[in-house]
Amino acid sequence: MVDSDPRRVVTVPDVVGMPFHIGRDVAADVHVALANPDPDGPPIASLAWPGLYYIVRQDPAPGTSLHEWDSVRVDVVKYGD
């Protein structure tokens, strides 16, 4: 099967354990976007604000190949919870 998507293929970084605002920047640097695992839910940035939130899970896993600007679904928890 030939991939007809014209976007570059990039490698998903490991953002688990990072504060959300840092993980978002790391993801953007390789041209992927962090997203809420619930596609019907609010944007992930609205779930990780205000306050300090850490990324505790991601899908797909680090090292996976995606097309640039595809989404990496992440779960976040508020620091201290």
**Q** Which atom pair, heavy atoms only, marks the closest approach of P13 to A27?
**A**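 P13 and A27 have their closest heavy atoms at CG-CA, 4.2 Å.
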
**Q** Applying side-chain contact (heavy atoms from CB on, under 4.5 Å), run through I44 and R24 and close with a yes or a no.
**A** CA-CA 10 Å; I44 191 65; R24 179 190 57 213; over 6 Å; no

**Q** Quick check on the hydrophobic clustering: are V12 and I22 connected, directly or via other members, by side-chain heavy-atom contacts under 4.5 Å?
**A**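 Yes, V12 connects to I22 through the hydrophobic network.
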
**Q** Just so I know, are the side chains of P37 and V74 near enough to count as touching, which here means a heavy-atom distance under 4.5 Å?
**A**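 The answer is no, as the side chains (C-beta and beyond) never meet within the 4.5 Å cut-off.
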
**Q** Pair D14, V26 - check side-chain contact (heavy atoms from CB on, under 4.5 Å), show working.
**A** CA-CA 9 Å; D14 186 357; V26 168; over 6 Å; no

**Q** With side chains defined as the heavy atoms from C-beta onward, is the minimum distance between N36 and P42 less than 4.5 Å?
**A**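 Yes; the side chains approach each other to less than 4.5 Å.
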
**Q** Using side-chain heavy atoms (C-beta onward) and a distance below 4.5 Å, is V32 in contact with V10?
**A**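 Heavy-atom side-chain distance check passes, below 4.5 Å.
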
**Q** On a heavy-atom basis, which atom in G23 and which in I55 lie closest, and how many Å separate them?
**A**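 Scanning both residues, the minimum pair turns out to be CA-CD1, 4.0 Å.
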
**Q** Using a 4.5 Å cut-off on heavy atoms from C-beta on, say whether the side chain of V9 contacts that of L66.
**A**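 Not in contact.
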
**Q** Can you see which heavy atom on L52 is nearest to which on H21, and at what distance?
**A**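 Shortest heavy-atom separation between L52 and H21 comes out as CD1-CE1, 4.1 Å.
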
**Q** Between T64 and A61, what is the shortest heavy-atom contact and its length?
**A**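 Heavy-atom minimum between the residues: OG1-O, 2.7 Å.
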
**Q** Are L47 and F20 side-chain neighbours, meaning at least one heavy-atom pair lies under 4.5 Å?
**A**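 L47 vs F20: side chains apart.
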
**Q** Going only through I, L, V, M, F, W and Y residues with side-chain contacts under 4.5 Å, is there a path from V76 to V15?
**A**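 Yes; tracing contacts between hydrophobic side chains, which count when under 4.5 Å, links both residues.
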
**Q** Heavy atoms only: give me the nearest G63-T11 pair and the separation to one decimal.
**A**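 Where G63 meets T11 most closely, the heavy atoms are CA-CG2, 3.6 Å.
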
**Q** Suppose clustering is done on Ile, Leu, Val, Met, Phe, Trp and Tyr with side-chain heavy atoms closer than 4.5 Å. Which residues sit in the same group as V77?
**A**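 Joined to V77, directly or through intermediates: V56.
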
**Q** Quick one: list whatever passes ring-ring contact (aromatic ring centres under 6.0 Å, His included) with H31, sequence neighbours left out.
**A**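 H31: ring-ring contact (aromatic ring centres under 6.0 Å, His included) contacts with W69.
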
**Q** Could you name each residue pair satisfying salt bridge (charged side-chain N to carboxylate O under 4.0 Å, His left out) that touches residues 66-77, not counting sequence neighbours?
**A**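 Matches after skipping sequence neighbours: R7-D70, R8-E68, R57-D75, D59-R73.
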
**Q** Decide whether V72 and Y53 are clustered together by the hydrophobic rule: side chain heavy atoms of Ile, Leu, Val, Met, Phe, Trp, Tyr closer than 4.5 Å, transitively.
**A**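 Yes, V72 connects to Y53 through the hydrophobic network.
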
